[in-house]
Amino acid sequence: EATMIHAYENYRPEKVLIIHRDDRNEEEITKHVKKWNQAESKINLSISSFSSDFNISENDIKDYLDPVTTNVIYVPSLDEVFISSVMRELNKIKKDYNIILYGMPGWESQPNIRFDYMDELNTYMTNNYFENSSNLSYQLFVDSYKFKYKSVPSNFAFKGYDITKVFGELLFNNGKQFLSAVQNEKIIGLSSDFHFKKRFDGDNIELIENKAVHVLHLEDYELIKSN
């Protein structure tokens, strides 16, 4: 959802192409995106998709692309070989098409995915965790942690701090009604953001989930927060 919202708000693409393997998880993600898109009347993108294997060719992709408009391509895969295959073919045609590539959390840490391809293909990834070292609050936390514990804070320290601070303040300010208050909050943490929404199963509330996610853009081989 965050991927499609970001693509719509930043590029207004006429079409979106999802490329996935013949894999149950990837097919479920594709179905979920299409179902969400149909229900989202304000956005309602034109989404196409096809499944392929490691032998994907540039012609398989070109059939879905427009040489005039922006082409948003989403690859909901964590398979390094498949991702690399798709990127290789996209790299062959990038001069003829305006391509914006969206991927999955963790692509940046996969050793076999080429960073030069990601950089040249204007790649975005999502993650619920991102250390924004340029943030003043981040710097103050790191300095305080180093002073007290004589070590650098781990990602667990950042996550623990954000969760404790957010829910501690909600409980302190709202008491037993904090679940009602939490749905109205949009909170920016040191490494994680929070935006809670209800998820329904029919007419019943199934759960309240955090919908906030970082959209990260690879610029000159560096990940930059884009939302």
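F115 and E108 get closest at one heavy-atom pair: CE1-O, 3.2 Å. A pairwise comparison of heavy atoms in N122 and I99 identifies CB-O, 3.8 Å as the closest pair. When all heavy atoms of S49 and Y64 are compared, the closest pair comes out as O-OH, 4.2 Å. When every heavy atom of T123 is checked against every heavy atom of M118, the shortest pair comes out as OG1-O, 2.7 Å.
Considering only heavy atoms from C-beta on, Y117 stays 4.5 Å or farther from L90 through its side chain. By the 4.5 Å heavy-atom criterion applied to side chains, Q139 and L136 are counted as neighbours. Contact check for D53 versus D22: no side-chain heavy atoms found under the 4.5 Å cut-off.
Salt bridge E209/K197: absent, no basic N to carboxylate O contact under 4.0 Å. Using a 4.0 Å cut-off between a side-chain N of Lys or Arg and a carboxylate O of Asp or Glu, E27 and R24 do not qualify as a salt bridge. With salt bridges taken as basic N to acidic carboxylate O contacts below 4.0 Å, none links K211 and D193. With respect to K15 and D66, no salt bridge is recorded, no charged nitrogen being found less than 4.0 Å from a carboxylate O.
Around CG of L171, the count of heavy atoms belonging to other residues, nucleotides or ligands within 6.0 Å exceeds 12. A 6.0 Å sphere centred on NZ of K150 holds more than 12 heavy atoms belonging to other residues, nucleotides or ligands.
Using modelled atom types, one side-chain atom of N71 and one backbone atom of T69 make a donor-acceptor pair closer than 3.5 Å.
A distance of 6.0 Å or more separates the ring centres of H20 and Y74.
Ring pair Y161/F141 is tilted by interplanar angle, where 30° to 60° counts as tilted.
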